[in-house]
Peer 1: 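Have a look at this one before I ask anything.
Atom set for the values below is all heavy atoms of this structure, side chains included, hydrogens, waters and symmetry mates excluded.
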Amino acid sequence: MTDDELLLKLDDSTRNATRHQLDTLRSILDQNGTVLYLQPYLPAHDAPLDAATFRRSVPLSSYDDYADLINQMADSPRHHHQPLLSVDPLLCFFYSSGTSSPRPKLIPYFDSKLSKAASYIAHQGSAAILKRLFPPRPTVNKILWFIYADNVRTTRGGVKVMAASTYPLQSGNANWSQLSFIVSPREVILGSNAEHQMYCHLLCGIRSFDLVDGIRAPYAIGLIKVFCLLESKWEQLCHDLEHGFPSLEFSDVAMRNSVVEVLGGPQLDLAKRVRSVFEEKSRGGIVSKLWPNVRYVRCVTTGSMEQYYPKLKHYAGEIPLLGGDYFASECCVGINLDIMQPPEKTRFVLLPTAAYFEFLPLDMNETDAAGKETVDISGVEVGKMYEVVVTTYRGFYRYHLGDIVRVVGFYNLSPQVEYVMKAPKGPNEIITEKDLMSAIHKFQLDLGNAMEMEITEFASFVDMELSPKQLKVFVEVEEGCLSLMQEKIEESVVVLRRFCSSLEDGLGGIYRVQRDRGESGPLLLYVVKPGSFDRLSQVAIRNGAPASQYKPPKIIRNREIARFLEGSALVTVV
């Protein structure tokens with residue numbers, strides 16, 4: 001299928017969105033209507049099940065409703081008298097990309113032709129949109145892609161577990177000749193140490209500096225880590241270019257040897273060029289200084305990734321910073337037709353053939369959505385917020401995806417949505433991710449005027465073991481800011497305490513009401529050591545979180561993570 005045919009097919013699906021949604025639900029139920037999970041709700045029907053009956057009969061669900069069945073599949077995938085979630089063979093599990101808990105969820109991935117066809121249209125359609133904006137060039141045709149086919153684990157029953165982005169590279173069907181546009185060799189992509197892989201990606205990208213057309217990573221945080229590594233290790237990179245081999249003590253010999261081959265011997269002129277770039281004081285626009293022919297930088301910058309957008313724009317300079325699509329581990333949700341827009345203007349068009357979508361109306365002034373009914377794709381209203389509910393080809397039925405979106409319009413007959421935030425998880429969640437991000441932004445502006453303090457990362461945790469419960473906010477600052485704080489520790493604590501009230505004021509109506517009623521105690525602010533959130537990511541990756549999909553948590557729901565950050569605190573302000 002050509003790019004034009006793909007885009008026409010996507011356009012057609014949005015023109016007939018309601019029909020395609022009903023066809024999608026019918027296909028899912030025709031295929032999987034007899035699975036064990038659905039059996040209590042859908043007794044045998046002679047006639048096809050309509051959408052209204054399905055929604056009336058099958059309850060809304062969350063991951064906990066599937067956990068026992070998923071664990072059974074993980075322990076003994078082929079010893080069930082009846083299919084548990086899907087009649088299709090289980091290929092592997094995907095890790096969820098959420099990181100509010102130390103261990104990621106397992107998302108089953110089945111060998112479903114219908115699912116693969118829907119995913120193909122979404123992913124290839126996204127690629128076609130990119131190629132329309134940036135038509136391929138014959139010589140400058142390489143991508144510096146920070147991709148890691150990492151952390152492939154095996155369950156007790158012998159099923160592989162990996163990131164969704166890893167599957168095409170680890171499935172045994174990978175066609176590496178089709179990936180020749182990636183600068184780095186396969187040994188780097190398949191490496192076993194994320195930091196070493198990142199360094200080698202950079203080294204290979206700099207070696208082929210004049211061939212790089214674009215720079216990519218799954219999420220904005222991934223590129224922030226890349227540029228931080230570049231700033232801290234540029235002298236080491238120059239040394240390695242001068243000598244023609246990486247001097248780090250890599251345990252992965254195959255990766256090291258592949259990089260030596262890419263370098264092709266000492267590169268003295270190139271090392272000199274890189275040194276001249278880093279001898280300049282400003283890092284603004286460093287992308288085009290190192291890669292003069294690059295046309296774009298691309299990653300997901302919406303949701304919790306939006307906080308990194310200004311810093312990435314600083315590095316990118318005049319180079320366009322392109323947005324990503326709305327693809328979840330459970331299914332593709334929406335496609336970004338205007339990838340040039342900044343995160344606050346990014347819109348996703350719902351894909352009517354990707355899954356069956358429902359929308360649970362959300363009012364941020366209400367703490368309980370119990371009793372509310374979902375609406376389908378034709379029932380949403382512009383300007384209103386909804387929690388996304390999906391029924392997928394991959395074994396989830398009326399499943400809370402955990403995302404809040406706002407409907408901002410329609411593309412043909414398919415809703416256009418903006419991502420708002422992760423959905424609150426029950427009455428104990430007294431602030432939202434979006435309110436926290438907004439409050440921290442204002443807090444940083446206030447602090448910057450008072451004591452030149454730059455916050456690099458943050459998160460929150462509601463401690464229910466205290467009486468009354470108490471919100472803890474963790475902020476990490478740059479090394480230089482920390483030194484200034486320690487020189488004037490008493491003065492710094494006074495300033496922080498003064499601005500804590502403004503931080504509390506920005507945390508949203510639910511938090512404010514609970515504070516006024518005395519149901520929540522005063523805010524506790526922890527300033528943690530530089531690198532604390534990096535160490536947290538290393539713990540998460542050791543516990544199975546994929547390096548390519550890791551996102552620092554904003555709303556922490558696990559005490560183990562909170563204790564880790566409390567143990568890293570240098571200053572605590574009440």
Peer 1: Could you tell me whether the side chain of Pro553 reaches within less than 4.5 Å of the side chain of Leu536, counting heavy atoms only?
Peer 2: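 Yes, at least one pair of side-chain atoms sits under 4.5 Å.
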Peer 1: State whether a side-chain donor-acceptor pair under 3.5 Å links Asp3 with Gln124.
Peer 2: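 No, Gln124 and Asp3 have no side-chain donor paired with an acceptor closer than 3.5 Å.
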Peer 1: Between Lys469 and Asp463, is there a side-chain N and carboxylate O pair less than 4.0 Å apart?
Peer 2: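 Not counted as a salt bridge, because no side-chain N and carboxylate O are separated by less than 4.0 Å.
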Peer 1: Could you walk me through whether Asp325 and Arg298 satisfy the salt bridge (charged side-chain N to carboxylate O under 4.0 Å, His left out) test, starting with their C-alpha distance in whole Å, then the side-chain angles of each, then the deciding distance to 0.1 Å, before giving a yes or no?
Peer 2: CA-CA 11 Å; Asp325 298 294; Arg298 190 176 193 189; 3.6 Å; yes
Peer 1: Would a 4.5 Å heavy-atom cut-off, applied to side chains only, mark Thr374 and Phe359 as touching?
Peer 2: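 Counting from C-beta outward, Thr374 and Phe359 never come under 4.5 Å.
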Peer 1: Measuring only between side-chain heavy atoms, which start at C-beta, is Arg153 closer than 4.5 Å to Tyr95?
Peer 2: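 The answer is yes; the side chains approach within 4.5 Å.
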Peer 1: Taking the side chain as every heavy atom from C-beta outward, state whether Leu471 and Val473 have any atom pair closer than 4.5 Å.
Peer 2: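 Yes, close enough: below the 4.5 Å cut-off.
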Peer 1: Give the C-alpha distance, both sets of side-chain angles, the deciding distance and a yes or no for side chain to side chain contact (heavy atoms under 4.5 Å, CB included) between Leu91 and Tyr167.
Peer 2: CA-CA 10 Å; Leu91 292 175; Tyr167 180 74; 3.3 Å; yes
Peer 1: Any donor and acceptor pair, going by atom type alone, linking the side chain of Thr154 with main-chain N or O of Gly158 inside 3.5 Å?
Peer 2: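 No, the answer is negative, given that no donor and acceptor are paired below the 3.5 Å cut-off.
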Peer 1: When the aromatic ring centroids of His201 and Tyr148 are compared, is their separation below 6.0 Å?
Peer 2: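 Close enough - the centres of the two rings lie under 6.0 Å apart.
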Peer 1: Between the side chains of Thr53 and Asp50, does any donor sit under 3.5 Å from an acceptor?
Peer 2: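 Distance-only check passes for Thr53 and Asp50.
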Peer 1: Evaluate the side-chain hydrogen bond (donor to acceptor under 3.5 Å, both in side chains) criterion for residues Ser61 and Arg398: first the C-alpha distance (whole Å), next the side-chain angles of each, then the deciding distance (0.1 Å), finally the verdict.
Peer 2: CA-CA 6 Å; Ser61 62; Arg398 305 200 73 210; over 6 Å; no
Peer 1: Does Phe348 have any ring pair (Phe, Tyr, Trp, His ring centres under 6.0 Å) partners at least two apart in sequence or in another chain, and if so, which?
Peer 2: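 For Phe348 the ring pair (Phe, Tyr, Trp, His ring centres under 6.0 Å) partners, ignoring immediate neighbours, are Tyr326.
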Peer 1: Applying salt bridge (charged side-chain N to carboxylate O under 4.0 Å, His left out), name anything that partners Arg56, two or more places apart in sequence or on another chain.
Peer 2: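 Salt bridge (charged side-chain N to carboxylate O under 4.0 Å, His left out) list for Arg56, sorted by chain: empty.
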Peer 1: With a 4.5 Å heavy-atom cut-off, do Glu373 and Arg55 have their side chains touching?
Peer 2: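 A side-chain contact is absent here, since even the closest heavy-atom pair is not under 4.5 Å.
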Peer 1: Quick one, Thr432 with Asp435, criterion side-chain hydrogen bond (donor to acceptor under 3.5 Å, both in side chains). Give me CA distance, side-chain angles, the key distance, then yes/no.
Peer 2: CA-CA 5 Å; Thr432 68; Asp435 284 336; 3.2 Å; yes
Peer 1: Do Val333 and Leu350 come close enough that some side-chain heavy atom pair is under 4.5 Å?
Peer 2: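 Counting from C-beta outward, Val333 and Leu350 do come under 4.5 Å.
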Peer 1: Could you walk me through whether Ser378 and Asp376 pass side-chain hydrogen bond (donor to acceptor under 3.5 Å, both in side chains), step by step?
Peer 2: CA-CA 5 Å; Ser378 65; Asp376 64 15; 2.7 Å; yes
Peer 1: Does any pair with a residue in residues 400-415 pass salt bridge (charged side-chain N to carboxylate O under 4.0 Å, His left out), and if so which ones, sequence neighbours excluded?
Peer 2: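 Listed by first then second residue: Asp403-Lys422, Arg406-Glu418.
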Peer 1: For Arg394 and Ser119, does a side-chain donor sit closer than 3.5 Å to a side-chain acceptor?
Peer 2: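 Short answer, yes.
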Peer 1: Taking the six-membered ring of Phe458 as reference, does the NZ or CZ atom of Lys554 fall below 6.0 Å from its centre and within a 45° cone about the axis?
Peer 2: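 Yes, Lys554 and Phe458 form such a contact.
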Peer 1: State whether a side-chain donor-acceptor pair under 3.5 Å links Tyr308 with Glu457.
Peer 2: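 The criterion, which ignores hydrogens and geometry beyond distance, is satisfied for Glu457 and Tyr308.
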Peer 1: Going by heavy atoms in the side chains, are Val35 and Leu84 under 4.5 Å from each other?
Peer 2: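 No, their side chains stay 4.5 Å or more apart.
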Peer 1: Do Ser258 and Arg186 touch side chain to side chain, with heavy atoms closer than 4.5 Å?
Peer 2: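 Result no, sub-4.5 Å side-chain heavy-atom pair not found.
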Peer 1: Answer with yes or no whether the side chains of Gln72 and Asp75 bring together a donor and an acceptor at under 3.5 Å.
Peer 2: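 Absent: no donor and acceptor within the cut-off.
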Peer 1: Please step through side chain to side chain contact (heavy atoms under 4.5 Å, CB included) for the pair Arg347 and Asp338, ending with a clear verdict.
Peer 2: CA-CA 8 Å; Arg347 309 289 184 260; Asp338 191 359; over 6 Å; no
Peer 1: State yes or no: are the ring centers of Tyr37 and Tyr66 separated by less than 6.0 Å?
Peer 2: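 Centroid separation for Tyr37 and Tyr66: below 6.0 Å.
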